[in-house]
Amino acid sequence: MKKHNFYAGPSILSEYTIRNTAAAVENFAGTGLSLLEVSHRGKEFVAVNDEARLLVKELLDVPDTHEVVFLGGGASMQFCMVPYNLLNRKASYLDTGTWSSKAIKEARLFGEIEVVASSKDSNYTYIPKDYTVSPDSDYFHITTNNTIFGTEIHNIPEVDIPLIADMSSDIFARPIDVSKYSIIYAGAQKNLAPAGVTIVIVRKDALGKVDRPIPSMLNYQIHIANDSMFNTPPVLPIYAALQTLKWYKEQGGIPVLQKKNIEKAAILYDEIDRNKLFRGTTAVEDRSLMNVCFVMNDEYKELESAFSQYASSQGIVGIKGHRSVGGFRASLYNAMPGSSVKVLVDAMKSFEKNI
Ligand SMILES: *Cc1c(COP(=O)(O)O)cnc(C)c1O
């Protein structure tokens, strides 16, 4: 039976990505060797690394003021790398979920942290909007999409200090104005590639301003100066990322993907709002287009595991909600076809009819 993959991360990749990556694991670029066993400094892999970085720049319209590097350590490594490289005295953070609060925890090791607002008291069901950011902070950090709680920042705040964003779960899902940010980072396993590589887009003139010495591996300037090849990069995730980026370009780029994402999310949220069994868990205006969280209404709570079983019988995989929210979460990343979202919506409709 066809499987419909709604996992939150690692998560669905395009068939194009899987097929081409599998082929390169067998025979990479006509070398007669596997991608897994050749030098990362050979001309074939250097070309992959360079083309992938160029495509990130092209798809996101990255200005010359910024550079793109592929790093290891996951998005979680960026929680410490950002303050290591940019925090001199004080930084401001918006607390919108588990990942923001982890970023805050790490940053506290480097200086004074101002949490400008938090929706923790309501279990992160909304994005706080009324807050002020200290003008004397070194930067302001936001998490644009909250993978666990299903909220997304739809209006990026305007601030006069450098803006930093964790875009792990919504990079490439909508156009972004890169010039507004000093750093954008994203772990690959939500919308791009297998786990193991993190995309970091860095504004070059934001660097070199902290007083502390920075270990080479944690220093953005070192990675930029070495064309993102300071040490052995995660070759397989980067190869897969290149395939996904090509597939994005072939489809018409980010605006086309955004349009599809809006349509996919709309049919699922419409069904959640219509179906008497279910309700959404977040403020409507902050609903994520990537991670759709919903639970069963109180009077139907006992049907939760029956619905889970019915959904799996329809080939639906990975909709169990995160333990901090419960219920269900359907992740609708770029590679998720609209037809799979329809299968989920149909399952919700027929389950409602048959109770
Ligand atoms: C998944 C995720 C992370 C953590 O990524 P790792 O690569 O596991 O470190 C951080 N931030 C957001 C928004 C995420 O969705």
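Whatever order the structure lists them in is the order used to number ligands and atoms, beginning at 1.
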Legend entry - Sequence-distant partners of D64, side-chain hydrogen bond (donor to acceptor under 3.5 Å, both in side chains), two or more places apart: none
Legend entry - Shortest non-hydrogen separation from H40 to V235 and the atoms involved: CB-CG1, 4.0 Å
What are the distances between nitrogen or oxygen atoms of ligand 1 and protein nitrogen or oxygen atoms, counting only those under 3.5 Å?
from     : atom 1 : to   : atom 2 : distance (Å)
ligand 1 : 7 (O)  : A75  : N      : 3.1
ligand 1 : 7 (O)  : Q189 : NE2    : 2.9
ligand 1 : 8 (O)  : Q189 : NE2    : 3.4
ligand 1 : 9 (O)  : A75  : N      : 3.2
ligand 1 : 9 (O)  : S76  : N      : 2.8
ligand 1 : 9 (O)  : S76  : OG     : 2.6
ligand 1 : 11 (N) : D166 : OD2    : 2.6
ligand 1 : 15 (O) : T147 : OG1    : 2.4
ligand 1 : 15 (O) : K190 : NZ     : 2.6

Legend entry - For Y84, ring-ring contact (aromatic ring centres under 6.0 Å, His included) partners two or more places apart: F110
Inset, instruction - Please say which of V133, T143, I142 ends up in a side-chain contact (heavy atoms from CB on, under 4.5 Å) with L94. - result: I142
Inset, instruction - Would you check if there is a donor-acceptor pair between the side chains of K190 and T147 at a distance under 3.5 Å? - result: no
Legend entry - Under 4.5 Å side-chain linkage, directly or through intermediates, the cluster mates of Y7: V317
